[in-house]
Amino acid sequence: MQKIGIICAGDEELKPFLSHIENIVITEKAMLKFYEGKIGGVSIIALYSGVCKVNAAIATQILIDTYCVDSIINAGTAGGMDKKINLFDTVVSTQAAYYDVDDGILTEFHPWMPTVYFDADEELLNIAKIISDKNKKVHLGRMVTGEKFIEDNKRDSINRKYLPLSVDMETASIAHVCYVNMIPFISIRSITDTATHSGIESFEKNCEKASVISKDIVLDFLKLLSDSHD
């Protein structure tokens with residue numbers, strides 16, 4: 001049976017999952033709490049990593065090394081970048097990239113990637129396509145990651161270079177760790193803020209609702225993943 005790791009950045013993003021986890025066992029490592037159990041018969045281990053790239057990378061490597069997960073889902077919230085993305089839509093990563101890391105760092109040095117983009121796992125992406133086909137508020141596309149809220153003067157340059165649907169502070173780092181460990185990965189994030197509804201205030205206002213939406217889609221995803229392995 002597969003074991004799925006679920007990483008959220010913050011406690012409010014993790015909270016909606018906890019009531020769905022049966023027979024929770026809580027363990028701690030590296031100042032993080034890991035919630036292990038089952039959701040609908042699927043073995044999962046979930047946590048919130050803390051915000052930003054290094055925190056997310058630490059959590060991801062622990063899930064792989066200590067808890068031996070077979071694949072990882074990044075859940076939670078994000079900012080909308082593409083104009084077609086509205087508040088409370090959900091973006092599923094086809095690719096992820098850092099917008100604040102020089103292009104050559106990952107292609108000319110370890111891990112010598114062919115491009116700056118981390119691809120989502122094909123099997124996981126095929127399941128996401130099923131959900132997207134049924135729900136017009138679920139969009140498949142590129143995510144970018146960097147360690148600051150996007151201000152209007154930065155938005156256009158990032159959009160021109162990467163053509164992302166959404167932006168956050170963790171996805172690419174989780175994808176990076178999964179890439180070097182050859183662990184399947186996908187990110188499922190719901191939108192709290194956009195160019196029209198921008199700023200930390202919008203994130204804080206909409207985080208709870210967006211986190212529940214992301215959770216619901218992840219639960220649908222887990223059911224389809226379980227059915228595909230029966």
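Just so you know, these numbers use all the heavy atoms, side chains as well, and skip hydrogens, waters and symmetry mates. In this chain, numbering begins with 1 at the start of the sequence shown.
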Next on the checklist: Any carboxylate oxygen within less than 4.0 angstrom of a Lys/Arg side-chain nitrogen, looking at Lys53 and Asp100?
Outcome noted: yes
Kindly indicate whether the side chain of [X], heavy atoms from C-beta on, has any atom under 4.5 Å from the side chain of [Y].
| X | Y | result |
| --- | --- | --- |
| Leu165 | Lys84 | yes |
| Ile73 | Ile7 | no |
| Ile4 | Gln2 | yes |
| Tyr117 | Tyr162 | yes |
| Met143 | Pro164 | no |
| Pro184 | Ile72 | no |

For residues 20-28, which side-chain N or O atoms pair as donor and acceptor with protein atoms under 3.5 Å away, sequence neighbours left out?
{"residue": "His20", "atom": "NE2", "partner": "Lys215", "partner atom": "NZ", "Å": "3.2"}
{"residue": "Thr27", "atom": "OG1", "partner": "Tyr67", "partner atom": "OH", "Å": "2.6"}

Checklist entry - Cation-pi between Lys29 and Phe34: NZ/CZ under 6.0 Å from ring centre and within 45° of the ring axis? => result no
Next on the checklist: For Tyr48, I'd like to know if atom OH has over 12 heavy atoms of other residues, nucleotides or ligands within 6.0 Å.
Outcome noted: no
Next on the checklist: Are more than 12 heavy atoms, taken from residues, nucleotides or ligands other than Lys3, located less than 6.0 Å from that residue's NZ atom?
Outcome noted: yes
Checklist entry - Should Lys161 and Asp156 be marked as a salt bridge (Lys or Arg N to Asp or Glu O under 4.0 Å) after you check the CA-CA gap, both sets of side-chain angles, and the distance that decides it? => result CA-CA 9 Å; Lys161 182 171 182 179; Asp156 288 345; over 6 Å; no
I'd like to know if the side chain of [X] pairs up with that of [Y] as donor and acceptor (distance under 3.5 Å, no hydrogens or angles considered).
| X | Y | answer |
| --- | --- | --- |
| Ser190 | Thr90 | yes |
| Asp168 | Thr145 | yes |
| Asn74 | Ser187 | yes |
| Asn206 | Ser202 | yes |

Is the backbone of [Y] close enough, under 3.5 Å, to the side chain of [X] for a donor and an acceptor to pair up by distance?
| X | Y | value |
| --- | --- | --- |
| Ser214 | Ser211 | no |
| Asn181 | Val177 | yes |
| Ser132 | Val138 | yes |
| Ser226 | Gly41 | no |

Next on the checklist: As a quick check of understanding, evaluate salt bridge (Lys or Arg N to Asp or Glu O under 4.0 Å) for Lys15 and Asp11, giving each step before the final call.
Outcome noted: CA-CA 6 Å; Lys15 184 179 177 181; Asp11 55 347; over 6 Å; no
Checklist entry - Between Phe17 and Val218, is a side-chain contact (heavy atoms from CB on, under 4.5 Å) present by the stated rule, with each step listed? => result CA-CA 9 Å; Phe17 286 97; Val218 171; 3.7 Å; yes
Checklist entry - For Pro16 and Ser19, which heavy atoms make the closest approach, and how far apart are they? => result O-OG, 3.8 Å
Item to check | Counterpart residues, salt bridge (Lys or Arg N to Asp or Glu O under 4.0 Å), relative to Lys129 (two or more places apart) | outcome: none
